[in-house]
Amino acid sequence: MSIIAESLGRIKPSVTIAVTTKAAELRAAGRDVIGLGAGEPDFDTPENIKAAGIRAIEEGKTKYTAVDGIIELKQAICDKFKRENGLNYETSQVTVGTGGKQILYNAFVATLNPGDEVIIPAPYWVSYPDMVLLGGGEPVFVASTAETNFKMQPADLEAAITPRTKWLIFNSPSNPSGAGYSRSELKAITDVLLKNPHVWVLTDDMYEHLVYDGFEFVTPAEVEPQLYDRTLTMNGVSKAYAMTGWRIGYGAGPVELIKAMAKVQSQSTSNPSSISQHAALEALEGPQDFITERAKVFEERRDLVVSMLNQAPGLSCPKPEGAFYVYPSCAGCIGKKTPEGDLIESDLDFASSLLESEGVAVVHGEAFGLSPHFRVSYATSTEALTEACNRIQRFCASLS
């Protein structure tokens with residue numbers, strides 16, 4: 001009899017982490033590898049935020065804190081939601097966790113019963129389905145297409161809702177596609193939810209500040225105030241503030257839900273790092289101008305990558321509204337062979353052969369629930385992106 005729980009058999013390790021690890025291993029073995037798999041800004045954490053973390057250490061703020069966050073940080077989060085999203089929350093409605101991932105996981109563990117369904121638009125971040133499964137629920141996927149710019153259509157959402165539906169996960173701008181919903185597009189989604197009062201919304205706003213071409217970010221409870229009492233609005237400091245390793249995410253919602261999530265956290269990790277909390281406080285309260293400056297750099301990288309990938313034979317790459325990913329189709333490469341005679345039968349084959357022949361690491365689309373595509377993260381230097389796209393063009397041109 002195995003020591004490993006049967007429940008672990010229902011989930012898979014994170015594919016994006018696996019790709020990043022594989023690239024690092026090849027690099028350590030002497031291969032020239034460009035990794036485009038990680039969802040992590042290449043910018044450093046701003047100096048004022050780092051200084052706040054150092055100051056917290058020097059001032060002895062290194063003890064346990066309240067389970068789900070210090071009151072000062074919760075107040076800063078309330079101020080942020082009011083200032084940027086027009087949402088009014090009290091500190092009792094806010095929870096702070098070890099990254100956005102913990103906020104999501106706590107919510108599922110605290111709310112899901114066996115048989116409960118969670119609607120997940122595809123393509124989706126790789127961790128959503130597995131967290132639902134670990135929480136005891138059942139993922140229900142709603143596919144989109146490149147023709148709809150990878151945005152879930154209201155009729156498809158309505159068709160997926162059943163009496164067992166408990167949550168809709170909503171991620172805009174999206175990982176992996178970068179797709180962002182306009183106010184009118186989101187209103188059409190919230191109209192469906194108004195007709196189904198048993199469905200709650202878990203909105204992942206992690207890429208809120210990484211939007212381009214004048215795109216206006218909006219979040220569900222902002223667009224439809226009637227959803228406020230059944231929405232968990234999740235965000236964090238990882239992407240916009242380049243604080244991935246600091247591990248601070250946060251969410252706001254009804255008091256009953258927030259208390260239940262705190263109970264889960266009290267018996268798992270307890271409080272997030274006290275030092276990271278004080279750094280996050282500075283992030284939210286300190287200067288914000290660098291966010292726009294860095295978003296401009298990401299926008300320029302996006303334009304470069306979209307242009308170069310669309311010049312690669314067999315690829316088609318839409319231009320997304322936000323985040324730092326593109327999600328090109330490799331349909332034109334399926335059925336072709338590499339110079340070594342290997343047949344490209346899937347996006348996994350495409351990604352594997354690309355890594356082997358050209359040393360470019362991307363994540364295959366099957367991992368995100370929609371094939372035949374692959375995800376490219378352009379959160380790296382312009383020089384590296386240019387070289388990687390040249391290699392991708394060369395690889396695609398070599399197929400026959």
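Keep in mind that this is a model prediction, so the values were computed, not measured. In what follows, residues are counted from 1 in the order of the sequence shown.
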Got a second to check how far T292's OG1 is from E299's CD, nearest 0.5 Å? 11.0 Å
Can you see whether N85 engages K80 through a side-chain donor-acceptor pair at a distance of less than 3.5 angstrom? yes
The test is salt bridge (charged side-chain N to carboxylate O under 4.0 Å, His left out); show your working for D32 and R391 and say whether it passes. CA-CA 12 Å; D32 176 17; R391 295 184 189 185; 2.5 Å; yes
Would you say the side chain of I275 lies within less than 4.5 Å of the side chain of R55, judging by non-hydrogen atoms? no
Take atom CD of E6 as the centre, draw a 6.0 Å sphere, and report whether it contains more than 12 heavy atoms from other residues, nucleotides or ligands. no
When you look at D116 and R164, which way does the side chain to side chain contact (heavy atoms under 4.5 Å, CB included) test go after all the steps? CA-CA 5 Å; D116 284 347; R164 295 164 61 187; 5.5 Å; no
Any side-chain donor paired with an acceptor under 3.5 Å for T111 and W167? yes
Do the side chains of D68 and K74 get close enough for a salt bridge, i.e. N-O under 4.0 angstrom? yes
Near Q267 CD, under 6.0 Å, is it more than 12 heavy atoms from other residues, nucleotides or ligands? no
Has S268 got a side-chain atom pairing as donor or acceptor with Q265's backbone, closer than 3.5 angstrom? yes
Please report the interatomic distance OG(S357) to CZ(R394), rounded to the nearest 0.5 Å. 8.5 Å
Salt-bridged, D213 to K319, with N to O below 4.0 Å? no
Derivation and outcome, side chain to side chain donor-acceptor pair (under 3.5 Å), residues S184 and S182: CA-CA 5 Å; S184 61; S182 69; 3.2 Å; yes
Just wondering, do L309 and C389 contact through their side chains at under 4.5 Å, heavy atoms? yes
Taking M152's backbone N and O only, do any of them form a donor-acceptor pair with D156's side chain (distance below 3.5 Å, no angle check)? no
Between D289 and R294, is the closest basic N to carboxylate O distance under 4.0 Å? no
Does K195 pair with E158 as a salt bridge, N-O distance under 4.0 Å? yes
Y241 and H209 aromatic ring geometry - parallel, tilted or perpendicular at 30°/60° bounds: perpendicular
Could you tell me whether the side chain of C396 reaches within less than 4.5 Å of the side chain of L315, counting heavy atoms only? yes
Quick check for you: to the nearest 0.5 Å, what is the distance between L343 atom CG and K337 atom NZ? 6.5 Å
Under a 3.5 Å cutoff, is there a donor and acceptor pairing between the side chains of T244 and E40? yes
Does the ring centre of F350 sit less than 6.0 Å away from the ring centre of F374? yes
Give a yes-or-no answer on whether the side chains of E300 and T382 include a donor-acceptor pair shorter than 3.5 Å. no
Is a salt bridge present between E47 and K50, judged by a nitrogen-to-oxygen distance below 4.0 Å? yes
Does P313 offer a backbone N or O that forms a donor-acceptor pair with the side chain of Q393 under 3.5 Å? no
Are the side chain of Q288 and the backbone of A283 linked by a donor-acceptor contact shorter than 3.5 Å? yes
Validation row: K187, E224 side chains within 4.5 angstrom (heavy atoms): yes
Does the separation of the ring centres of H373 and Y327 fall below 6.0 angstrom? yes
With ring-ring contact (aromatic ring centres under 6.0 Å, His included) as the test, would you mind laying out the steps for F298 and F43 before giving the verdict? CA-CA 11 Å; F298 281 128; F43 296 111; 5.4 Å; yes
Before accepting this row, confirm whether a basic side-chain N of the pair E321/R302 lies closer than 4.0 Å to the acidic partner's carboxylate O. no
Can you find a side-chain donor-acceptor pair between D205 and T219 that sits under 3.5 Å? yes
Over-ring placement of R83 relative to Y89, 6.0 Å and 45° cut-offs: no
Between Q311 and S307, do the side chains contain a donor N or O and an acceptor N or O under 3.5 Å apart? yes
Once rounded to the nearest 0.5 Å, what's the spacing between atom CG of L193 and atom CH2 of W200? 13.0 Å
Is the shortest side-chain N to carboxylate O distance from K151 to E185 below 4.0 Å? yes
V140 reachable from L370 in the ILVMFWY side-chain graph, under 4.5 Å edges: no
Is there a side-chain contact between Y250 and N235 in this structure, where contact means two heavy atoms from C-beta onward sitting under 4.5 Å apart? yes
State, without any angle test, whether S346 and E366 hold a side-chain donor-acceptor pair at a distance under 3.5 Å. no
For a quick check under 3.5 Å, do Q277 and T65 share a side-chain donor-acceptor pair by atom type? yes
Any link between L133 and I4 through a network of hydrophobic side chains (Ile, Leu, Val, Met, Phe, Trp, Tyr) touching at under 4.5 Å? yes
Taking the side chain as every heavy atom from C-beta outward, state whether F150 and P123 have any atom pair closer than 4.5 Å. yes
Can you tell me if CD on E90 sees more than 12 non-hydrogen neighbours from other groups inside 6.0 Å? no
How about S371 and D347: does a side-chain donor come under 3.5 Å of a side-chain acceptor? yes
Using modelled atom types and a 3.5 Å cut-off, is there a donor and acceptor pairing between side-chain atoms of D342 and backbone atoms of T338? no
Side chain to side chain contact (heavy atoms under 4.5 Å, CB included) assessment of S127 paired with K101: CA-CA 8 Å; S127 292; K101 213 168 196 175; 3.1 Å; yes
Heavy-atom side-chain proximity of I258 to L232 below 4.5 angstrom: yes
Examine distances only and state if a side-chain atom of N171 and a backbone atom of D204 form a donor-acceptor pair shorter than 3.5 Å. yes
Rounded to the nearest 0.5 Å, how far does CE of M206 lie from CD1 of I103? 8.5 Å
Between S266 (side chain only) and K263 (backbone N and O only), is there a donor and an acceptor less than 3.5 Å apart? yes
After noting the C-alpha distance and the side-chain angles of N113 and K166, does the key distance pass the side chain to side chain contact (heavy atoms under 4.5 Å, CB included) rule? CA-CA 9 Å; N113 296 309; K166 181 159 278 187; 3.7 Å; yes
Can the ring centres of F217 and Y207 be said to be less than 6.0 Å apart? no
Distance from Y128 atom OH to L202 atom CG, nearest 0.5 Å? 8.0 Å
Test log, rule side chain to side chain contact (heavy atoms under 4.5 Å, CB included), inputs V67 and N271: CA-CA 4 Å; V67 164; N271 66 274; 5.6 Å; no
Compute the ring centroids of Y325 and F368, then answer whether they are less than 6.0 Å apart. no
Sidechain N-carboxylate O distance under 4.0 Å for R301, D42: yes
Say whether, by atom type as modelled, one donor and one acceptor occur between the side chain of R375 and the main chain of G37 under 3.5 angstrom. yes
E216 and V211, any side-chain heavy atoms less than 4.5 Å apart: no
